[in-house]
Undergrad: 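Here you go, one structure.
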Amino acid sequence: MANRGNLVDWTKLPDLAAVAALSCAFASVARRGQTSASRHWLTGWVLIALHFAALIFLNATGIWGVLAGDIALISLTSAGVLFMWASVPYRTEGSSLWMLISMLTANALYVFLLGFDQPHPWALNVAATLMGAAPLAIALTARREFTHLLRWMLVGLYSMLAVFLLAVQNRTDNGLALALNAVLFTVYFGCCLHVWYSYRGRGSAGSLITIAGFLGWSAVFVVAPLISVLAPNARIESEVWNLPKYVVAVGMILLLLEDQIEHNKYLALHDELTGLPNRRLFLDRLALSLERARRMESKTALLVIDLNHFKEVNDSLGHHAGDLLLKRVSAIFQGRVRRSDTVARTGGDEFSLILEEPTNRSNARRVASALMEILDQPLQVGDHTLKVGASIGVAVFPDDAADIEALCIAADLRMYHDKNESREISERIPVKSELLPEFRNNENEALKMTAQMPKI
């Protein structure tokens, strides 16, 4: 970096404008469905934009040119590490944060040293050793609490990088150039590896384009040096080498759009509060269940459940307490049915259960009685002990009805009949749970009863 001119390299401005535009587009898409991965991706693209901004001033004289070169290299490697981190499926694991910090530090330190015209060999050797030793030390330290195949693949990749750097970086002809290209290849090949692992089961356009883009991005740091050696007179525009960056950006935007489409599909078929199937998905599953029962000449039971005192909870304690109660009740229902059965929230305080074959009327009534008994017990909801109760209507296909509409009407009528005939329940008085310790005992008994109740 000794021969620096006084010119500002405006040829990098179109690249900066293109990456900035893609970053804005990425931010616009990510804002609609922000996740931890999208935030890391966006930060990475901001660093790529900073990389191109620094390249504009690379030819500046004195310390400014050196500083621009360091910023360009550090931002480029840090962006790649963040892209990798965004695709790690175990980011919340404690040692993963230390792995991220170690990789950011080791890469930044090494490329910073490469920014000097003649870096000290001992400093390069220490930095190269740190590239492989730091991830390995963290993986070995945390192996008893956590281990993952992807982590060991990363450790192996960086260990090979460290060996390669120690072998070539002190060569007098092109050792530093080889070392820099090796670091950048490893970073972006690691991105390709992580994205492939995270999206290997999807096979969508977004995942394939992103994987191909990162593979091309890493190949740039191998192909470009080979061309400079084998065909020194060949002139290839920088836009060709930057093309994989844009491919990755397009792939990531497609991944975000695909995730948002899947999320919207989920919201269209599920209750946002409880996560249970909504009425639309419930009717689809009920139709499939009845069709299976017709083919197999078996039975399907439908239970319609209405919470008796839900309105009082909302009126006296507010909608937040009502939401907590609905979540608690839905968790109880999900814990008492088989995986083949369906629990759905089909109204404000109404739930529906589809009991698949093998079942019959006596089994359905037994489930209904057990659920009513649980809901008659005091439930701890937030800071309050509540006793809500429930009315349940049971209808069996094909005994009570021959189609969906008639079956739902039969179950609704029996639920309202049960509500009208049920004896008056003493009014619930919401109080702080610590003032009524006996309610906690009652709740514990209810939970024990839930665990002992047989699944059908």
Side-chain angles (χ1 to χ4, degrees), residues 32-35 257-293 300-315 317-357 359 364 367-368 371-372 374-375 379 381-382 386 388-397 400-401 403-416 418-419 455-456:
R32 303 174 188 272
Q34 197 173 78
T35 63
L257 292 174
E258 290 168 359
D259 289 341
Q260 289 180 17
I261 290 172
E262 289 300 316
H263 182 63
N264 290 338
K265 287 181 179 178
Y266 178 86
L267 290 180
L269 297 174
H270 292 80
D271 174 53
E272 187 174 3
L273 177 65
T274 63
L276 295 176
N278 60 15
R279 179 172 287 276
R280 179 180 176 183
L281 181 56
F282 160 74
L283 291 175
D284 289 343
R285 290 188 179 179
L286 183 58
L288 293 174
S289 179
L290 297 191
E291 186 59 34
R292 280 193 296 269
T300 294
L302 172 62
L303 279 65
V304 176
I305 307 167
D306 185 81
L307 303 182
N308 289 338
H309 296 290
F310 178 74
K311 185 177 184 302
E312 287 87 337
V313 173
N314 264 344
D315 292 343
L317 301 178
H319 292 288
H320 177 67
D323 291 345
L324 292 177
L325 176 61
L326 291 173
K327 289 181 180 179
R328 179 66 183 278
V329 170
S330 66
I332 291 174
F333 290 166
Q334 286 179 297
R336 294 318 313 153
V337 298
R338 301 163 300 186
R339 298 188 62 172
S340 59
D341 299 328
T342 296
V343 182
R345 185 186 176 198
T346 49
D349 60 348
E350 181 181 291
F351 296 84
S352 297
L353 273 66
I354 303 173
L355 302 181
E356 298 270 5
E357 195 275 333
T359 191
V367 172
L371 293 177
M372 287 182 66
I374 293 171
L375 294 177
L379 298 177
V381 178
L386 307 178
V388 291
S391 300
I392 302 180
V394 178
V396 178
F397 172 88
D400 298 322
D403 56 51
I404 292 179
E405 185 177 1
L407 189 68
C408 291
I409 291 174
D412 280 335
L413 290 175
R414 288 175 179 169
M415 183 270 290
Y416 287 117
D418 179 64
K419 181 182 288 286
K455 293 185 179 183
I456 64 167

Undergrad: Less than 4.5 Å apart, side chain to side chain, heavy atoms only: is that true for Leu355 and Leu303?
TA: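 Leu355 vs Leu303: side chains touch.
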Undergrad: Step by step, work out the side-chain contact (heavy atoms from CB on, under 4.5 Å) result for Leu386 and Arg328.
TA: CA-CA 11 Å; Leu386 307 178; Arg328 179 66 183 278; over 6 Å; no
Undergrad: Taking side chain as C-beta onward, heavy atoms only, is Phe282 less than 4.5 Å from Ile354?
TA: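 Of all side-chain heavy-atom pairs linking Ile354 with Phe282, at least one is under 4.5 Å.
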Undergrad: When rounded to the nearest 0.5 angstrom, what distance separates CG in Leu276 from CG in Leu326?
TA: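 If we round to the nearest 0.5 Å, Leu276:CG and Leu326:CG are 9.5 Å apart.
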Undergrad: Checking Asn278 side chain against Leu281 main chain: does a donor-acceptor pair fall under 3.5 Å?
TA: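 Yes, because the side chain of Asn278 sits within donor-acceptor range (under 3.5 Å) of the backbone of Leu281.
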Undergrad: Rounded to the nearest 0.5 Å, how far does CD of Glu356 lie from CZ of Arg292?
TA: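 These two atoms lie 4.5 Å from each other.
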Undergrad: Compare every heavy atom of Ala364 with every heavy atom of Val394, then report the nearest pair and how far apart it is.
TA: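 So the two residues come closest at CG1-CB, 3.8 Å.
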Undergrad: With rounding to the nearest 0.5 Å, note down the distance linking CG in Leu375 to CG in Asn308.
TA: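 It comes to 9.0 Å.
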Undergrad: Heavy atoms, side chains only, cut-off 4.5 Å: are Asp271 and Phe351 in contact?
TA: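 Answer no - side chains too far apart.
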Undergrad: List for me each residue that meets side chain to side chain donor-acceptor pair (under 3.5 Å) alongside Lys311, sequence neighbours excluded, and say none if there are none.
TA: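 In terms of side chain to side chain donor-acceptor pair (under 3.5 Å), with neighbours along the sequence ignored, Lys311 is linked to Asp315.
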Undergrad: So does Arg285 get a backbone contact from the side chain of Ser289, meaning a donor-acceptor N/O pair under 3.5 Å?
TA: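 Side chain of Ser289 to backbone of Arg285, a donor-acceptor pair under 3.5 Å: no, none is there.
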Undergrad: If you round to the nearest 0.5 Å, how far is NE2 of His309 from CG of Leu325?
TA: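 So the gap between those two atoms works out to 11.5 Å.
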Undergrad: Contact between Thr359 and Thr300 at the side-chain level, heavy atoms closer than 4.5 Å - yes or no?
TA: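 A side-chain contact is absent here, since even the closest heavy-atom pair is not under 4.5 Å.
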Undergrad: Give the intermediate values and the outcome of side-chain contact (heavy atoms from CB on, under 4.5 Å) for residues Ile305 and Phe333.
TA: CA-CA 10 Å; Ile305 307 167; Phe333 290 166; 3.8 Å; yes
Undergrad: Does Arg280 CZ have over 12 foreign heavy atoms under 6.0 Å away?
TA: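 Atom CZ in Arg280 is not packed in, count stays at 12 or less.
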Undergrad: Please report the shortest heavy-atom distance between Leu407 and Leu302, naming the atom on each side.
TA: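 Closest approach of Leu407 to Leu302: O-CD2, 4.0 Å.
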Undergrad: Any idea which heavy atoms bring Ala395 and Ala410 closest together, and the distance?
TA: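 Minimum heavy-atom separation between Ala395 and Ala410: CB-CB, 4.0 Å.
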Undergrad: Do the side chain of Asp306 and the main chain of Ser391 share a donor and acceptor less than 3.5 angstrom apart?
TA: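 Here the side-chain-to-backbone pair does not exist.
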Undergrad: How long is the gap from CG on Leu288 to CG on Leu283, to the nearest 0.5 Å?
TA: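 Rounded to the nearest 0.5 Å, the CG-CG separation comes out at 11.0 Å.
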Undergrad: Of all the heavy-atom pairs spanning Leu273 and Asp323, show the shortest one and how long it is.
TA: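 What the structure gives for the nearest pair is CD2-OD1, 3.6 Å.
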Undergrad: If the condition is side chain to side chain donor-acceptor pair (under 3.5 Å), which residues does Thr342 pass it with, not counting sequence neighbours?
TA: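 Testing Thr342 for side chain to side chain donor-acceptor pair (under 3.5 Å), a comparison that skips the adjacent residues, returns none.
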Undergrad: Would you mind reporting whether Val313 and Leu307 have side-chain heavy atoms less than 4.5 Å apart?
TA: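 Leu307 vs Val313: side chains apart.
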Undergrad: Quick one: closest heavy-atom pair of Gly322 and Phe310, and the distance?
TA: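 So the minimum-distance heavy-atom pair works out to O-CE1, 3.4 Å.
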Undergrad: Check salt bridge (charged side-chain N to carboxylate O under 4.0 Å, His left out) between Asp400 and all other residues, then give those that pass, not counting sequence neighbours.
TA: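 Arg361, Arg414.
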Undergrad: Say you draw a straight line from CD of Gln334 to CG of Asp341; how long is it, rounded to the nearest 0.5 Å?
TA: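 These two atoms lie 12.0 Å from each other.
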Undergrad: State, with a plain yes or no, whether a side-chain heavy atom of Leu286 is found less than 4.5 Å away from one of Ser352.
TA: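 They are not in contact (no side-chain heavy atoms under 4.5 Å apart), so the answer is no.
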Undergrad: I'd like to know if the side chain of Arg345 and the backbone of Gly348 have a donor-acceptor N/O pair within less than 3.5 Å.
TA: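 Pair found, side chain donor or acceptor close to backbone of Gly348.
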Undergrad: Would you say the side-chain atoms of Arg279 pair up with the backbone N or O of Thr346, donor to acceptor, closer than 3.5 Å?
TA: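 Such a contact is found between Arg279 side chain and Thr346 backbone.
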